[in-house]
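In what follows, a single structure is set out as C-alpha cells and then discussed.
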Amino acid sequence: MNRQIPPKKNGGSRFPARKSRPCLFLLGAGVLLLGLIFTHAHVRRHSDISSIHRLATVVEKLELTDLALFTEARYTRHPSQADLYSAFQDHPTSLEHFPMGSIAAPSAALRRLHGKVD
Amino acid sequence: MARWIEKYRSILDFTLSSLVRRKGKNLSLLVVYVLVVFMLGSAMFLTEAMKREASLVLKGAPEMVIQRLLQGRYDPIPMSYLEKIRGIRGVISAEPRLWGYIYDSAIGANYTLMVPRNVALPSGEIMIGNGISRRRMIYSKDMMSFNLSNGSSRVFTVRDVISPESELVSADLVLLSEGDFREIFELPSTHATDLVVKIRNPKELVTVAKKVMELLPDTRPIIRDEMVRTYDSVFDWRGGIVTVLLMMALLAFVILAWEKASGLSADEKREIGILKAIGWETSDVIAVKAYEGLLISFFSFTVGILLAYGHVFFFSAALFAPAMKGWSVLYPDFRITPFVDPYQVAVLFFLTVVPYTVATIVPSWRAAIVDPDSVMRS
Amino acid sequence: MIKLLNVRKGFNLGRPNEFVAVDGVTLSMEANRVTVLKGPSGSGKTTLLSLIGCMARPTSGRIILQRGLPREYLFPNGGDTTEVEVTSLPERFLTEIRRRTFGFIFQQFNLLKGITVLENVMLPAFPLGEKHGVVKKRALALLEMFGLSGRALAKVEWLSGGEAQRVAIARALMNNPPVIIADEPTAHLDSKLSSAFMEIIARLKDQGKTAIIASHDPLVFEAKMVDRVISVRDGMLEGDTA
C-alpha cells in the first residue's frame, strides 16, 4: 500500500519546493513585463515620431483634414467635414448603420460649435 | 519582521495548494477573466493610440476650412467668397480647395479625388494612394480610367504612387490637375469645393470664424481644433464599441461576483471551520481568501494587458479590423504607434482587481468569524 | 492544571430552542494524565471538551489554566503569574493560548482534502511564522514517528482510515502542545485501530503529555492507560473515578 515517491531532482530533496517560490517569481515577472510595456511603448514612440511628423507634413502639403481610415462613405471618410444632417448625425446619439458607426460616436464638438448656426 | 514574512509566505503556500485543488474552476475563471481584460485593454489601447496619433497628424491640417451649406448639405462654394474673406482682419490668405469622391465600380470602392495646390500635375496624369495601388494592382506608368459626370470615361496615366508611409492619410487619394478635376465633375471655374483660410494669430480663429458667419451666412467654418476633436470623440473610450465591451465586461463581473458573493460551498465553509479549529485566526483565513482573489485578478490583468498590447501594437489590432474596416474596400495598412496612457491602465487595473478581490473576501468573512468549535458541533 | 469553576454553557439563550449543554460543572484536571469524559451522545461532553480546549467561552463560570503548563506556553511574551483565567481573555490571546497549549483530534479527523499529508500536518504551524524548513523537518519527523514517511506527498483522500487517523494525530502534535484533546477519536475506527489509537495515547503520556478524550467507546474508557473516567449526563457530572 505504501507507495514510495521517487526522489525529486531539486537539491536532492524528494519534496517539491515551496509553491510560493514560482508564484512570487511569476508575480515579479508580471510586474516586470507590465513595466516593459511602458518602456517598449516609449522606445517605439521615439522611433515612430519622425514618421508621424512626416505624415503631418503630407497633411499640411495636401491640405488634408482627416485620416483615411473609414472609406465607406463620405461622412465616414471625412467625419470632420461631414455636414450636420448626413446619416450618422441624423440624431446626436444615434449609432451609425455602417459597421464603423459602432466605433465612432457622433462628434459632440461639431454639434456644440454649430449649435449657433443650426 | 522575518516571522511576519514567513507567516504570510506560508499562508501563500497554502493558498496556492488550495487553488491548485480546484484547477478546473480556477483555470476557467482565469481564462474568462483574461479575455475580458484583453478585450477591454485592446479597445483602450487602440482608441487611445489612434486619438493621439490623429491629433499629432492633424496638426498639419488647415487652420480653417469654410464650407457652403445649401439645403442643409455642403455645396460648392462660389469663388467670389474668397475676396470677402480675404478682407476680414487677421486673415493672411484664403484659397480654394478642390476635392470630391468618386466611386470605382471595378472594386466597389470610394476614392477621394483631390487637386493639390502645391504640386503641379500635368493634365492627364494622376498620383494615387498606396491603398488604391495595392487593391487595383496599378502602379507607376499604368493607366486608370474614371467615369465622368456626363457618362463618358477618361483615361489617366499614373505618374506616381504616393509613399506607402503616408497611407494613414492618403490610402484612397487620387491627386490630379485642376482642369481634369473640373472636367470629371463638370464643376464650373466659378466654384470650389471649399476654402482654406490662414490666420495671423491662432487666438483669433474663433473671432474670424464668427466674422465669416456674419459676412456669409450660408457658410460654415470648421477650425482645426474641431477636426482634432472629431477624432477625440470618434476614438473616445466611452463611445461605440468600447461602451458595448465595457457593458459586457461589467456583466461578466456581476455574474462572477454574484457567484462568489452568493456564498461559499459547504466544503469551503467546513474548511474554514477546520482552519479555525487548528488555531488559525480570522485574519489568517481572510488572508488566504485575499490572496486567492488578488492572485487570480492580478494574473488575469497582467496576461490580459500583455496580450492586448501585443494584439494592438504588434498585430495592428487584427481582431478589431473587421469592425474598423467596416464596409470599406480600401483600408490603410499602417502600424499603430503605442501611445499608452498609464492613467487608463491604472483605472483598468483597479476596475478588475479590486471588485473581484472584494467579492472573494466578503463572503468568506462571514464564514471566517465562526467559532472555532463549530467543526466539533457539526 | 486545568480548573473549571461552576462552568455553564447555553445555546440560543432567550429563544424557544434554548438549551443548556453544560450546566454548572466544577472540575480540575492534573497534568500528565489521561482523562476520559464518558457519556451518551448529547450529554454535553463535546461542549465540555471545547470549553476546556479554549475553543468556546462559557456562558458563565470560570476556566483557569494553571501551573503544570510550561510558562512559555501560557505567557509567550512574559508574565508574572502562573495562573491565567482564559474566560476573560480577548479572542486574540485565546487563539494564541489554544494553539500553543492544545492539540485537537476530531471525530471526523477533519483533514483538508486535495492537499498533501505533509501540508495537512504543517498547517497548524503556518500562522506562527516559524521558518518553513524547521516546520517541514518537524512535520516529517512526526510522520516518521507514525510510520507515514512514505505517504508524506500523498493526498489525504488516498489514505486508509488508520493512516488518516495517524495524520490527524501528527497534525495535533505539530505545535508540540502539552495537552491533546480528542473528541470521539474511535467513532469511525474498528477495534484494532481503536486499540492502536490508545497505544499512541499511552506513548504520548510517557512523553509527558496530558490527554483529555471524550468518548462513549468502552475500548477507550476501559483501556489500562486511562487514569480517570468522568461520566457526564445532561450537562452535569455524574461520576468520577478520581
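Computed from a predicted model, the values in this text were never measured in an experiment. We name chains A, B, ... by the order of the sequence lines, and we start the count at 1 in each one.
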(request) Run the ring-centre check on A/H42 versus B/F339 and record whether the distance is less than 6.0 Å. (result) no

(request) Check whether the ring centres of A/H40 and B/F313 lie less than 6.0 Å apart, and answer yes or no. (result) no

(request) Would you check, one step at a time, whether the test side chain to side chain contact (heavy atoms under 4.5 Å, CB included) holds for A/R77 with B/N110? (result) CA-CA 9 Å; A/R77 171 63 178 87; B/N110 281 312; over 6 Å; no

(request) Report the option among A/L26, A/L27, A/L33 that has the most heavy-atom pairs separated by less than 4.5 Å from atoms of chain B. (result) A/L27

(request) Name the option with the most non-hydrogen atom pairs under 4.5 Å to chain B; the candidates are A/V31, A/L34, A/T57. (result) A/L34

Which atoms of [X] come close to chain A, meaning under 4.5 Å heavy atom to heavy atom: side chain ones, backbone ones, both, or neither?
| X | result |
| --- | --- |
| B/R117 | side chain |
| B/V340 | both |
| B/Y111 | neither |
| B/V303 | neither |
| B/S170 | backbone |
| B/V119 | side chain |
| B/S10 | both |
| B/V57 | both |
| B/D225 | neither |
| B/E167 | backbone |
| B/I336 | backbone |

(message) Closer than 3.5 angstrom, by distance alone: can the side chain of B/Y331 be matched with the main-chain N or O of A/A68 as a donor-acceptor pair?
(response) no

To the nearest 0.5 Å, how far apart are [atom1] in [X] and [atom2] in [Y]?
| X | Y | atom1 | atom2 | answer |
| --- | --- | --- | --- | --- |
| B/F14 | A/S20 | CZ | OG | 14.0 Å |
| A/L64 | B/W99 | CG | CH2 | 10.0 Å |
| B/R335 | A/S51 | CZ | OG | 7.5 Å |
| A/I52 | B/T337 | CD1 | OG1 | 4.0 Å |
| B/L173 | A/T71 | CG | OG1 | 11.0 Å |
| A/F70 | B/D172 | CZ | CG | 12.5 Å |

On a heavy-atom basis, which atom in [X] and which in [Y] lie closest, and how many Å separate them?
| X | Y | answer |
| --- | --- | --- |
| A/A41 | B/P338 | CB-O, 3.6 Å |
| A/V59 | B/G60 | CG1-C, 3.6 Å |
| A/L67 | B/A54 | CD1-CB, 3.8 Å |

(request) Going by the side-chain hydrogen bond (donor to acceptor under 3.5 Å, both in side chains) test, name the single residue among A/K19, A/R18, A/R21 that passes it with B/D13. (result) A/R18

(request) Carefully, step by step, assess A/L62 and B/L175 under the rule side chain to side chain contact (heavy atoms under 4.5 Å, CB included). (result) CA-CA 9 Å; A/L62 298 178; B/L175 303 181; 3.9 Å; yes

Tell me which of these, [options], has more heavy-atom pairs under 4.5 Å with chain A than the rest.
| options | answer |
| --- | --- |
| B/P332, B/P116, B/A171 | B/P332 |
| B/T302, B/L295, B/D194 | B/T302 |
| B/V115, B/V20, B/V228, B/L58 | B/L58 |

(message) Under 4.0 Å between a side-chain nitrogen and a carboxylate oxygen: does that hold for A/E63 and B/R224?
(response) no

(request) Below 4.5 Å from any heavy atom of chain B, which atoms of A/I49 appear? Answer side chain, backbone, both or neither. (result) side chain

(message) I'd like to check B/E53 versus A/L55 (side-chain heavy atoms, cut-off strictly below 4.5 Å). Are they in contact?
(response) yes

(request) Side-chain contact test, heavy atoms from C-beta onward, threshold under 4.5 Å: evaluate it for A/T65 versus B/V65 and give yes or no. (result) yes

(message) Is the ring pair A/H78/B/Y101 parallel, tilted or perpendicular, if the boundaries are 30 and 60 degrees?
(response) tilted

(request) Test side chain to side chain contact (heavy atoms under 4.5 Å, CB included) on A/D66 and B/M227 and set out the steps. (result) CA-CA 7 Å; A/D66 286 273; B/M227 302 173 201; 5.9 Å; no

(request) Could you please spell out the steps behind the side-chain hydrogen bond (donor to acceptor under 3.5 Å, both in side chains) verdict for B/S166 and A/R54? (result) CA-CA 8 Å; B/S166 64; A/R54 277 199 293 280; over 6 Å; no

(request) Could you walk me through whether B/L12 and A/L24 pass the side chain to side chain contact (heavy atoms under 4.5 Å, CB included) test, one step at a time? (result) CA-CA 9 Å; B/L12 178 62; A/L24 291 172; 3.9 Å; yes

